[in-house]
2 protein chains.
Amino acid sequence: MNKAIEKEYLESAEIFKALAHPTRLFIIHTVKDKKLSVKELTQLVGIDISTMSKHLDILKKHKIIKGEKHKNFIYYRLAIPCVLDFMSCAMKVINKK
Amino acid sequence: MNKAIEKEYLESAEIFKALAHPTRLFIIHTVKDKKLSVKELTQLVGIDISTMSKHLDILKKHKIIKGEKHKNFIYYRLAIPCVLDFMSCAMKVINKK
DNA sequence: TTTCTATTTGGCTAAATTACAAAATAGAAT
DNA sequence: ATTCTATTTTGTAATTTAGCCAAATAGAAA
């Protein structure tokens, strides 16, 4: 496999990795239509806030979500809506749902 | 987060995990339009055949590819074409390509 | 049946990921 | 300036993952 192509697949894999966690998928679905702070998301999921902060950081780094600061809070929103399309398609094919 | 919903996200995350590896993404792109055996795929990527076998197994288990046996060989093909759509969409948004 | 060839499985090690707790920052409110 | 509140960072332990090698299967070919 040539180097340039290999690099492409490596980069794409990073996106999938960033999405490959239940909490992060929950975040994506949840910030689809409402902006939420780290603390609010933490309470919804029921994990340590430091863990949530890291999950958000992973999604942010890969530009899957974007955060806006308002006063003390950072509100997140989904930046790649097509993630949701893919998920519903994949689930249809795989689970016949 | 309620148990049923949590389970849904856990299952979806499994799909993303299965896709989250450069070799597995290469496989998906490669078996999109031609059927290939384990050995052929191994040679294209340049890894140990046992490693390739395991990658294929992961994709098979999650019903992302399907394998058909012909004589000694197992030929694989892509079962969820929408993966490719998502990848091109995600790359557009994220890399501005 | 014996031999070949393709594929899978098991063992092992190195690297990556996840979670929590505690400490550090950042900035708003008092 | 001090205190609160939200968020991030650091440290660490537990779990998972990826890779190679060697051994085991499966079945076609001889």
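Every chain is numbered from 1, with letters handed out A, B, ... down the list of sequences. Computed from a prediction, not measured in an experiment: that's the story for all the values here.
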Open item on the list: Does A:Phe86 form a side-chain contact (heavy atoms from CB on, under 4.5 Å) with B:Leu19? I'd like the steps, not just the answer.
Closed with: CA-CA 12 Å; A:Phe86 167 61; B:Leu19 293 165; 3.8 Å; yes
- [ ] Quick one: label A:Ile74 by what it contacts on the DNA or RNA (base, sugar-phosphate, nothing), any heavy atom closer than 4.0 Å.
- [x] sugar-phosphate
Task: Residues that B:Glu14 engages under salt bridge (charged side-chain N to carboxylate O under 4.0 Å, His left out), provided they are two or more places apart - done: B:Lys17
- [ ] Using a 4.0 Å heavy-atom cut-off, write out nucleotides 21-30 of chain D from 5' to 3' as B (base contacted by protein), S (sugar-phosphate only) or - (no contact).
- [x] BB----SSS-
Task: Separation of D:dT15 C1' from A:His21 NE2 (nearest whole Å) - done: 12 Å
- [ ] State which residues pass side chain to side chain contact (heavy atoms under 4.5 Å, CB included) with A:His55; sequence neighbours excluded, sorted by chain then number.
- [x] A:His21, A:Thr23, A:Arg24, A:Ile27, A:Ile47, A:Thr51
Open item on the list: Under 4.0 Å from OP1 or OP2 of C:dA19: is there any side-chain N or O of A:His55 that close?
Closed with: yes
- [ ] Could you pull out all residues at least two apart from B:Gln43 that satisfy side chain to side chain contact (heavy atoms under 4.5 Å, CB included)?
- [x] B:Lys39
Task: Set of residues satisfying salt bridge (charged side-chain N to carboxylate O under 4.0 Å, His left out) with respect to B:Lys61, sequence neighbours excluded - done: B:Asp57
Task: Residues which pass salt bridge (charged side-chain N to carboxylate O under 4.0 Å, His left out) with B:Lys60, listed by chain and number, not counting sequence neighbours - done: none
Open item on the list: If the condition is side chain to side chain contact (heavy atoms under 4.5 Å, CB included), which residues does B:Lys35 pass it with, not counting sequence neighbours?
Closed with: B:Glu68, B:Tyr75, B:Arg77
TODO: Specify the residue among A:Ala20 and B:Ile49 whose closest nucleotide of DNA chain C lies further upstream toward the 5′ end.
DONE: B:Ile49
Open item on the list: Using whole Å, what does the distance between atom C1' of nucleotide C:dT17 and atom CG of A:Asp57 come to?
Closed with: 14 Å
Task: Separation of D:dT7 P from A:Ile58 CD1 (nearest whole Å) - done: 17 Å
Task: Between P of D:dT7 and NZ of A:Lys61, the distance in whole Å - done: 17 Å
- [ ] Round to a whole Å and report the spacing from CE of B:Met52 to C1' of D:dT17.
- [x] 17 Å
Task: Touch class at under 4.0 angstrom, heavy-atom based, for A:Leu56 against every strand present - done: nothing
Open item on the list: Output the rounded distance in Å from OH (B:Tyr75) to P (C:dA6).
Closed with: 10 Å
TODO: Grab the NZ-C1' distance between A:Lys17 and C:dA16 for me, whole Å please.
DONE: 7 Å
- [ ] Taking B:Ser12 for its side chain and B:Glu8 for its backbone only, find out whether a donor-acceptor pair lies under 3.5 Å.
- [x] yes
Open item on the list: Does anything in residues 26-40 of chain B come within less than 4.0 Å of DNA chain D? Heavy atoms only, and list the residues if so.
Closed with: none
Task: B:Lys60 side-chain N/O to C:dT8 phosphate OP1/OP2 under 4.0 Å - done: yes
Task: Separation of D:dT17 P from B:Phe16 CZ (nearest whole Å) - done: 16 Å
Task: All pairs passing ring pair (Phe, Tyr, Trp, His ring centres under 6.0 Å) where residues 24-54 of chain B contributes a residue, at least two apart - done: A:Tyr9-B:Phe26, A:Tyr9-B:His29
